Number of protein chains: 2
Amino acid sequence: MAHITTSVEYGIHCLLWLSGSGEVSLSSRDLAELQGISPSFLAKIFPKLEKAGIVAASEGVRGGYRLAKPASEITFLDVVDAIEGEKPLFECQNIRTRCAVFDGDAPDWVCEGICGVHGVMLLAEKAMRDVLAKKSLADVGTAFMRKAPQSFGTDVGTWIDDRVKGRKPGRTPKNSGPPG
Amino acid sequence: MAHITTSVEYGIHCLLWLSGSGEVSLSSRDLAELQGISPSFLAKIFPKLEKAGIVAASEGVRGGYRLAKPASEITFLDVVDAIEGEKPLFECQNIRTRCAVFDGDAPDWVCEGICGVHGVMLLAEKAMRDVLAKKSLADVGTAFMRKAPQSFGTDVGTWIDDRVKGRKPGRTPKNSGPPG
DNA sequence: AAAAACGAGGATAAAACTAGTCCGCGTTAT
DNA sequence: ATAACGCGGACTAGTTTTATCCTCGTTTTT
């Protein structure tokens with residue numbers, strides 16, 4: 001697939017949901033079901049976001065995640081780096097020093113400065129990261145909510161309420177019948 | 001490894017050698033040995049560069065590759081796309097349409113325009129590609145040759161001459177002794 | 001106290017991708 | 001005729017990605 005992975009895609013979409021849910025914590029299972037993605041896979045992503053200080057976790061029943069800071073202060077680059085771990089776009093293998101003419105002992109003028117090819121790749125990487133660093137979750141989140149009708153917010157609210165009630169202790173989930 | 005692969009790194013370095021060798025064709029084996037990289041792997045890369053119109057191949061003995069156009073007209077982006085095949089930075093899976101609230105049937109306002117997350121990734125990708133499109137092989141090649149002393153050009157010339165003579169029919173390569 | 005919903009993290013697995021090898025084919029200069 | 005070429009397919013090993021499952025300790029509610 002691509003260099004910006006599905007993990008990042010999942011992570012950002014989850015964070016957008018969290019940015020709309022205020023102080024309420026949502027569990028990774030809630031977020032997975034809400035978006036039709038794998039709960040177990042999502043559970044692997046959130047600890048990375050927490051270590052990066054993007055979300056705050058609360059354990060136990062009714063626990064889950066909430067944003068650790070305002071959505072306007074979380075950039076796409078923050079999320080990409082948190083999940084993918086600042087992998088470089090290009091890993092220079094210093095081919096220039098291997099020239100057979102040097103016979104294994106490259107002269108100083110060859111090693112001077114960084115490799116020209118590497119330099120171009122670093123410029124390209126920086127340009128990409130600069131764009132990602134300038135876009136926050138709030139930028140995308142508010143644009144989406146402007147398109148959504150009023151009813152959407154309440155629909156989501158009731159969906160979450162129903163889900164929480166459905167698993168409320170005292171009323172066994174078995175009563176609603178397992179799928180299949 | 002990284003998204004811009006070793007194949008691209010090898011390809012660019014080879015093209016830089018070709019940009020310095022004028023009308024003379026160099027075989028992929030020459031280029032591999034000259035740079036201490038795998039000949040068989042390099043042989044997989046060049047057909048892609050040829051199909052993209054970056055190099056011209058000549059078959060048979062003393063054949064090989066030469067640039068199909070001036071180094072100043074070959075950009076890094078040309079090479080990356082030729083070898084990696086214009087893979088996108090990010091593959092949007094349209095998570096937005098999967099919201100459980102929609103129950104499998106996303107309303108029109110959701111699908112309107114491209115996904116906001118995707119939009120940011122496309123901007124980042126474009127920024128990266130713009131940088132690669134603005135750098136030509138000549139930019140990097142001339143910078144390298146400015147650092148190199150006069151002797152380097154002649155050293156390389158004699159290395160190539162020796163290599164060609166060494167395999168000249170009429171003088172069996174066995175006479176020089178196999179390595180090991 | 002017990003049950004159930006949480007997060008954290010390890011073990012495992014399938015699929016895709018990357019890097020690299022090997023071989024046989026047709027072509028061409030010597 | 002030979003040997004150096006490019007071309008292309010089959011194949012392999014290692015890594016990464018995308019999961020799944022299970023156990024553990026934590027926390028809230030009954």
Side-chain angles (χ1 to χ4, degrees), chain A residues 1-11 14 24-33 36-51 55-66 83-85 87 90-91 93 160 163-175, chain B residues 1-11 14 24-33 36-51 55-66 83-85 87 90-91 93 163-174:
Chain A
M1 205 158 296
H3 182 237
I4 292 189
T5 58
T6 299
S7 292
V8 170
E9 184 173 18
Y10 289 175
C14 287
V24 179
S25 284
L26 295 179
S27 74
S28 64
R29 294 161 179 91
D30 290 335
L31 288 163
E33 192 172 333
I37 62 182
S38 158
S40 54
F41 186 51
L42 199 52
K44 301 303 236 179
I45 297 172
F46 267 99
K48 297 177 183 176
L49 295 173
E50 204 216 347
K51 288 191 185 67
V55 298
S58 53
E59 287 193 339
V61 175
R62 300 281 187 131
Y65 299 97
R66 60 177 211 281
I83 295 176
E84 295 189 346
K87 284 176 192 161
F90 176 79
E91 284 182 20
Q93 300 180 48
I160 291 175
R163 192 167 196 281
V164 171
K165 280 177 198 153
R167 71 185 175 222
K168 202 176 191 175
R171 208 216 280 184
T172 62
K174 286 171 190 169
N175 293 345
Chain B
M1 207 157 296
H3 182 236
I4 293 189
T5 57
T6 299
S7 292
V8 170
E9 184 172 19
Y10 288 176
C14 286
V24 180
S25 284
L26 295 179
S27 74
S28 63
R29 294 157 178 94
D30 289 336
L31 288 163
E33 193 172 332
I37 62 182
S38 158
S40 53
F41 187 50
L42 199 52
K44 305 298 257 180
I45 297 173
F46 267 99
K48 298 178 183 176
L49 294 173
E50 203 217 349
K51 287 191 183 68
V55 299
S58 52
E59 286 193 338
V61 176
R62 300 281 186 130
Y65 299 97
R66 60 176 210 281
I83 295 176
E84 296 190 345
K87 284 177 194 160
F90 176 79
E91 283 182 22
Q93 300 180 47
R163 191 166 196 283
V164 171
K165 278 176 200 155
R167 70 189 176 221
K168 201 176 193 174
R171 207 219 280 185
T172 61
K174 288 172 190 169

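None of the values given here were measured: they were computed from a predicted structure. Proteins come first, then strands; the chains are lettered A, B, ... in the order of their sequence lines, and each starts at number 1.
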Distance check needed: [N] [atom2] versus [X] [atom1], whole Å only.
X	N	atom1	atom2	answer
B:Arg62	D:dG6	CZ	C1'	17 Å
A:Glu84	D:dT17	CD	C1'	10 Å
A:Ile45	C:dG7	CD1	P	13 Å
B:Ile4	C:dC17	CD1	P	17 Å
A:Ile83	D:dT16	CD1	P	18 Å
B:Glu59	D:dG8	CD	C1'	12 Å
A:Phe46	C:dA5	CZ	C1'	16 Å
B:Glu9	C:dT18	CD	P	15 Å

Let me see the working for A:Leu26 and A:Ile160 under side-chain contact (heavy atoms from CB on, under 4.5 Å), right down to the final yes or no. CA-CA 9 Å; A:Leu26 295 179; A:Ile160 291 175; 4.0 Å; yes
Under 4.0 Å between a side-chain N or O of [X] and OP1 or OP2 of [N]?
X	N	result
B:Ser27	D:dA4	no
B:Tyr10	C:dT18	no
B:Ser58	D:dC5	no

Pairs under 3.5 Å (N/O, protein and nucleotides 20-24 of chain D):
residue, atom, partner, partner atom, Å
D:dT20, OP2, A:Ser38, OG, 2.2
D:dT20, OP2, A:Ser40, OG, 3.1

Just checking, any donor-acceptor pair under 3.5 angstrom between side chains of A:Glu84 and A:Ser7?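 No, no side-chain donor-acceptor pair sits under 3.5 Å.
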Using distance alone, with no hydrogens and no angle criterion, decide if B:Thr6 and A:Gln93 have a side-chain donor and acceptor under 3.5 Å apart. yes
What contact category does [X] fall into here, base, sugar-phosphate, or nothing, at under 4.0 angstrom with non-hydrogen atoms?
X	result
A:Ser28	sugar-phosphate
A:Lys48	nothing
A:Ser25	nothing

Hey, could you give me the NE2/NZ distance between B:His3 and B:Lys87, rounded to the nearest 0.5 Å? 7.0 Å
Please tabulate, one pair per line, all N/O donor-acceptor pairs under 3.5 Å involving side-chain atoms of residues 36-49 of chain A, not counting sequence neighbours.
residue, atom, partner, partner atom, Å
A:Ser38, OG, A:Ser40, OG, 3.3
A:Ser38, OG, A:Phe41, N, 3.0

Answer yes or no: is there a side-chain heavy-atom contact under 4.5 Å between B:Tyr65 and B:Ser28?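 SC-SC contact between B:Tyr65 and B:Ser28 confirmed.
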Describe, as an angle rounded to 10 degrees, how the axis at the first end of the helix from C:dA1-D:dT30 to C:dT30-D:dA1 is tilted relative to the axis at the last end, five pairs per end.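 Both end axes considered, the difference amounts to 0°.
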Qualifying residues under salt bridge (charged side-chain N to carboxylate O under 4.0 Å, His left out), relative to B:Glu33, sequence neighbours excluded: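 B:Glu33 satisfies salt bridge (charged side-chain N to carboxylate O under 4.0 Å, His left out) with B:Arg163 once adjacent residues are dropped.
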Nearest heavy-atom contact between A:Thr5 and B:Phe90 is O-CE1, 4.4 Å
Between C:dA29, D:dT28, C:dC6, which nucleotide has the shortest distance from any of its atoms to the side chain of A:Val61? D:dT28
Let me spell it out: for each of A:Gly60 and B:Gly60, pick the nucleotide of DNA chain D with the closest heavy atom. Which residue's pick is nearer the 5' end?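 The residue mapped nearer the 5' terminus is B:Gly60.
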Is there a donor-acceptor pair closer than 3.5 Å between any side-chain N or O of A:Ser25 and the backbone N or O of A:Gly63? no
